2 protein chains.
Amino acid sequence: MIDKNTSNYRSACPLSTALDVIGDKWSLLVVRDMCMKKTRYGDFLASPEGIPTNILATRLRRLEEVGIIEKKPYQTKPLRYEYFLTSKGASLLPVLQQLAVWAHSYIPECGAPPGWFLNAKPENLLKDR
Amino acid sequence: MIDKNTSNYRSACPLSTALDVIGDKWSLLVVRDMCMKKTRYGDFLASPEGIPTNILATRLRRLEEVGIIEKKPYQTKPLRYEYFLTSKGASLLPVLQQLAVWAHSYIPECGAPPGWFLNAKPENLLKDR
DNA sequence: TTAACACACTTGTTTTAAGCAAGTGACAAT
DNA sequence: ATTGTCACTTGCTTAAAACAAGTGTGTTAA
């Protein structure tokens with residue numbers, strides 16, 4: 001079997017690679033929701049930005065594929081899952097915090113990040129089990 | 001004149017608003033290039049990710065509109081511009097640094113951010129004049 | 001003086017992704 | 001049997017990305 005081209009990333013630059021993975025308008029919003037302890041499909045749909053259902057489904061699939069989130073069944077009949085951040089996903093928190101601070105500082109129309117968010121720590125975002 | 005709908009942003013969330021502005025695969029790469037003191041159209045095109053020329057043109061226009069970069073003529077015949085980060089744009093540096101660190105930590109195939117990048121400071125990215 | 005070159009784009013077309021509305025499947029409750 | 005809930009999927013339309021080629025304004029070399 002032949003190597004299907006040297007990696008899917010545009011370059012070896014870590015920033016470029018990061019953007020290949022989470023560089024779109026929705027992925028980090030799902031991560032944000034998980035930082036607020038939302039876990040279910042319906043929770044994510046209910047966020048004020050109004051993500052379309054099919055986009056949410058593809059993002060959840062993709063985020064799981066790249067190891068940012070994982071799903072665990074919360075019932076079996078019918079089989080349904082809750083979604084949680086992995087440590088890889090929780091480690092995005094500092095990025096989100098910086099972005100939120102930047103936006104609040106430089107984009108007048110937008111609100112302030114809540115204190116709990118700025119004080120949050122990655123290790124506290126993991127599913128306790 | 002009627003208010004053309006209450007803002008173009010999806011919600012008041014600063015993170016969501018940030019993603020409305022820079023949430024795509026290319027914008028932050030242009031900012032990155034400017035962090036490395038690249039200033040011209042051809043410089044940005046030469047980056048290893050291979051941004052298409054029309055996309056670059058639209059991104060430069062957009063980034064200028066939102067005040068992340070500004071252009072200054074470097075010659076008049078024919079009229080041509082160099083692009084520089086504003087303080088709003090330079091303030092994205094901590095976000096880029098966090099993202100690069102994250103990618104290097106959690107995405108095996110990708111390289112390490114160079115030391116000069118991790119040690120850079122926003123105020124040193126501004127056009128000295 | 002004309003032909004080649006450089007730079008910074010623009011234009012036209014194709015391909016991919018986003019966005020919207022509606023539908024489906026597995027069950028629980030009434 | 002009918003309605004309801006939840007988590008999706010499917011089909012279709014619209015918008016954006018990607019690719020290839022061309023344009024405008026000049027300089028330099030033959």
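A note on names: the letters A, B, ... follow the listed sequences, proteins ahead of strands, and every chain is numbered from 1. In this text the structure is predicted, and so the values were computed from the model without any measurement.
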> Could you tell me which non-hydrogen atom of A:Ala103 sits nearest to which non-hydrogen atom of A:Cys110, and how far apart they are?
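The pair with the smallest heavy-atom distance is O-SG, 3.4 Å.
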> Do B:Thr86 and B:Glu70 have side-chain atoms, one donor and one acceptor, less than 3.5 Å apart?
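No, B:Glu70 and B:Thr86 have no side-chain donor paired with an acceptor closer than 3.5 Å.
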> Can a side chain N or O of B:Tyr83 be found less than 4.0 Å away from OP1 or OP2 on C:dA8?
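Checking C:dA8 against B:Tyr83, no side-chain N or O comes under 4.0 Å of OP1 or OP2.
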> Measure the spacing between CE of A:Met36 and CZ of A:Phe117 and express it to the nearest 0.5 Å.
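The distance works out to 9.5 Å.
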> Using only atom types and a distance under 3.5 Å, with no angle test, would you say the side chain of A:Ser47 pairs donor to acceptor with the backbone of A:Glu49?
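Not confirmed, A:Ser47 side chain does not pair with A:Glu49 backbone.
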> Check for me, please, whether A:Phe84 and A:Ile69 land in the same ILVMFWY cluster - side-chain distances under 4.5 Å, paths through other members count.
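Each belongs to a different hydrophobic cluster.
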> Return the polar atom pairs (N/O with N/O) between nucleotides 24-26 of chain C and the protein under 3.5 Å, or none.
unit_1, atom_1, unit_2, atom_2, d
C:dG25, N2, A:Arg80, NH2, 3.3

> Is there a chain of hydrophobic side chains (I, L, V, M, F, W, Y, each step under 4.5 Å between heavy atoms) that links B:Leu45 to B:Leu63?
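Cluster IDs for B:Leu45 and B:Leu63 match.
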> Measure OH/B:Tyr81 against C1'/C:dA8 and give the value in whole Å, please.
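Atom-to-atom, B:Tyr81 to C:dA8, this comes out as 12 Å.
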> Under a criterion of less than 4.0 angstrom to any heavy atom of chain B, what are the 5'-terminal and 3'-terminal contacting nucleotides of DNA chain D?
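Footprint of chain B along DNA chain D, 5' to 3': D:dA17 to D:dG26.
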> Go through the steps to decide whether B:Trp102 and A:Lys88 satisfy the test side chain to side chain contact (heavy atoms under 4.5 Å, CB included), and finish with yes or no.
CA-CA 8 Å; B:Trp102 175 82; A:Lys88 177 173 178 176; 3.9 Å; yes
> With a sphere of 6.0 Å drawn around NZ of B:Lys37, does it hold more than 12 non-hydrogen atoms of other residues, nucleotides or ligands?
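More than 12 heavy atoms, drawn from other residues, nucleotides or ligands, come within 6.0 Å of this atom.
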> On a heavy-atom basis, which atom in A:Val21 and which in A:Ile68 lie closest, and how many Å separate them?
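Looking at all heavy atoms of both residues, the shortest contact is CG1-CD1, 4.1 Å.
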> Does NZ or CZ of B:Arg40 fall inside the cone over B:Tyr74's six-membered ring, less than 6.0 Å from its centre and within 45° of the axis?
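Relative to the ring axis of B:Tyr74, which defines the angle, B:Arg40 lies inside both limits.
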> Among residues 30-64 of chain B, which contact DNA chain C at a heavy-atom distance under 4.0 Å?
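DNA chain C contact set from residues 30-64 of chain B: B:Arg40, B:Tyr41, B:Gly42, B:Thr53, B:Asn54, B:Ala57, B:Arg61.
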> Would you kindly give the NZ-to-C1' distance between B:Lys71 and C:dC7, to the nearest whole Å?
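One finds 15 Å between C1' of C:dC7 and NZ of B:Lys71, rounded.
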